[in-house]
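As the structure lists them, so they are numbered: ligands from 1, and atoms in each ligand from 1. We number each residue from 1, following the sequence as shown.
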Amino acid sequence: MKIWIDQLQKEHTLPSKAYYKLLTCSDADSMEYLHRQAKEVSLAQFENKIFIRGLIEISNCCRNDCLYCGIRKSNIHIDRYRLTQKQILECCQQGYELGFRTFVMQGGEDRVQSINWIENVVKEIRHQFPDCAITLSLGEMSYSDYKRLFDAGANRYLLRHETFNPTHYNQLHPKEMSAQHRQQCLLWLKEIGFQTGTGIMVGSPYQTIDHIIEDIRFIERLQPEMIGIGPFIPHHDTPFASQEAGSVELTLRLISIFRLMFPKVLIPSTTALASLGNEGRLKGILAGANVVMPNLSPSNTRKKYSLYNNKASLGAEAAEGLKLLNMQLQTIGYEISMERGDYKG
Ligand code: 5AD
């Protein structure tokens, strides 16, 4: 196994059968070696610095009905909200004072917050915070809408492909959605010039190791600047309520594989990983992640943005908890960086 890990570190790719072996290996020493090599690569690229992004959840209204997601359209048990432009700018101001230099606006595919409205919010943030990066995570749009948002001043876009395999994609999404269209959106985002993030949920229902290898190959072709990997966690008001959560170990393994494939890529230690407990946040960093995204949303809306059960939004997960986060990072020899943290290819 070590030979494959060394080869991945040197050549940044492996034959599929080697990925299969890595993903299914049960030898603890080999896995420790994988994480250690990934951590070394991350330290060589970013030193012991962790970039922070302020996450603003702008709306939990969504026109889609993804089977895994707590804010899906047909969930009638959640309290829907939309932030106003004023509230979003207040979040940015508060974040700026705390030291954030990247704001991530994430939300459901809410068409009430129209493209005009989003474009204006982006322009206003760009105007008031000229030194900050603006990241959007607002789902699928047309090429021309993405272009408008880029021209308005947005720099980065997060859109997980969720799963490359079309059959698996259809098992997770309503019939109006397709793997092909999701992937098309990602190609558009790259073409327009966004620093583009994609990724998957680990352990989503019906996922197989072969699916994950297809995801690795897709990511290899796309060459994203950011890769978000988190475990699937069931939400009680979805059709997947009684499914098992994804594995933390497999999530960490993928983080390490992607770090060795793409030394410079930005990889968050995700909220989903932290939400499963047992210091998931720190384990992600020790496996090669170099970004955390504390929650900057107004505190009264945080619990309403419930993508899955027990989603963490307090303590080191919250923007106000930066000191706590930094203390936790220090226990493993890392610290927060106040830089903007753009992808440096
Ligand atoms: N478990 C884990 N991650 C989820 N997401 C949505 N629902 C869940 C869930 N139940 C992730 C998706 C989406 C991102 C914003 O949140 O991958 O792209």
Side-chain angles (χ1 to χ4, degrees), residues 53 55-75 77-78 104-110 135-141 156-165 168-169 171-174 177 179 181-183 185-186 189 196-207 211-212 215 218-219 222 224 226-248 250-251 254-255 258 267-277 280-281 284 291 293 295 297 302-313 317:
R53 321 301 196 193
L55 181 64
I56 308 171
E57 294 156 338
I58 68 168
S59 164
N60 68 353
C61 303
C62 192
R63 62 174 176 162
N64 291 329
D65 218 16
C66 308
L67 279 75
Y68 47 83
C69 185
I71 67 168
R72 66 200 303 264
K73 172 173 70 178
S74 60
N75 183 3
H77 300 293
I78 60 165
V104 182
M105 287 206 280
Q106 184 174 89
E109 291 191 14
D110 177 12
T135 304
L136 302 177
S137 178
L138 301 169
E140 297 184 5
M141 296 184 192
R156 310 180 188 149
Y157 205 103
L158 306 176
L159 181 69
R160 290 189 182 170
H161 69 283
E162 311 296 358
T163 179
F164 176 79
N165 183 277
H168 185 222
Y169 193 93
Q171 291 173 314
L172 304 181
H173 296 95
M177 297 177 74
H181 190 257
R182 179 58 62 100
Q183 293 156 23
C185 287
L186 283 160
L189 290 163
T196 303
T198 195
I200 62 167
M201 286 178 291
V202 175
S204 57
Y206 315 110
Q207 185 183 57
H211 293 148
I212 297 178
D215 293 319
F218 170 69
I219 290 176
L222 182 70
M226 300 169 283
I227 304 174
I229 306 292
F232 161 76
I233 304 175
H235 183 287
H236 59 277
D237 281 323
T238 64
F240 291 160
S242 56
Q243 299 276 343
E244 241 179 86
S247 143
V248 169
L250 191 54
T251 304
L254 277 163
I255 289 175
F258 286 122
I267 303 179
S269 188
T270 53
T271 306
L273 193 51
S275 298
L276 286 184
R281 170 76 80 213
V291 172
M293 300 170 64
N295 199 313
S297 308
R302 275 180 209 174
K303 57 185 171 309
K304 298 183 188 169
Y305 198 80
S306 63
L307 302 182
Y308 42 81
N309 295 340
N310 305 316
K311 177 165 157 281
S313 67
E317 218 54 51

Notebook entry, point to check: Side-chain contact, heavy-atom cut-off 4.5 Å: Pro239 with Arg72?
Noted result: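 Pro239 vs Arg72: side chains touch.
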To check your reading of the model: name the closest protein heavy atom to [atom], its residue, and the distance in Å.
atom	result
atom 3 (N) of ligand 1	Met201 SD, 3.5 Å
atom 2 (C) of ligand 1	Pro231 O, 3.3 Å
atom 7 (N) of ligand 1	Tyr68 CD1, 3.3 Å
atom 16 (O) of ligand 1	Leu307 CD1, 3.5 Å
atom 15 (C) of ligand 1	Gln106 NE2, 3.8 Å
atom 1 (N) of ligand 1	Ile233 N, 2.9 Å

Next item on the list: Indicate the atoms forming the closest heavy-atom contact of Gly108 with Tyr305, along with that distance.
Entry: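 Of all heavy-atom pairs spanning Gly108 and Tyr305, the closest is N-OH, 4.3 Å.
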Next item on the list: Identify, with sequence neighbours excluded, every residue that meets side chain to side chain contact (heavy atoms under 4.5 Å, CB included) alongside Ser59.
Entry: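 Ser59 satisfies side chain to side chain contact (heavy atoms under 4.5 Å, CB included) with Cys61, Arg82, Asp110, Gln113 once adjacent residues are dropped.
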For [X], counting its heavy atoms only, list the atoms of ligand 1 lying under 4.0 Å from any of them.
X	result
Arg160	11 (C), 12 (C), 17 (O), 18 (O)
Tyr308	1 (N), 2 (C), 3 (N), 4 (C), 8 (C), 9 (C), 10 (N)
Glu162	12 (C), 13 (C), 17 (O), 18 (O)

Notebook entry, point to check: Is the shortest distance from a Lys or Arg side-chain nitrogen in Glu57 or Arg302 to a carboxylate oxygen in the other one below 4.0 Å?
Noted result: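 Looking at Glu57 and Arg302, the cut-off is not met.
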Next item on the list: Answer yes or no: are there more than 12 heavy-atom neighbours, outside Glu244 itself, under 6.0 Å from its atom CD?
Entry: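 No.
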Note to self: Quick one about His168 and Thr163 (side-chain donor to acceptor, distance below 3.5 Å, no hydrogens or angles considered), yes or no?
What the structure shows: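 Yes, side-chain donor-acceptor contact under 3.5 Å.
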Notebook entry, point to check: Under 3.5 Å, is there a donor-acceptor pair between the side chain of Thr135 and the main chain of Tyr157?
Noted result: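 No, because the side chain of Thr135 does not come within donor-acceptor range (under 3.5 Å) of the backbone of Tyr157.
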Item checked: Sub-4.0 Å heavy-atom approach of Gly246 to ligand 1 ->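 No, that is not the case, since the closest heavy atom of the residue is not under 4.0 Å from the ligand.
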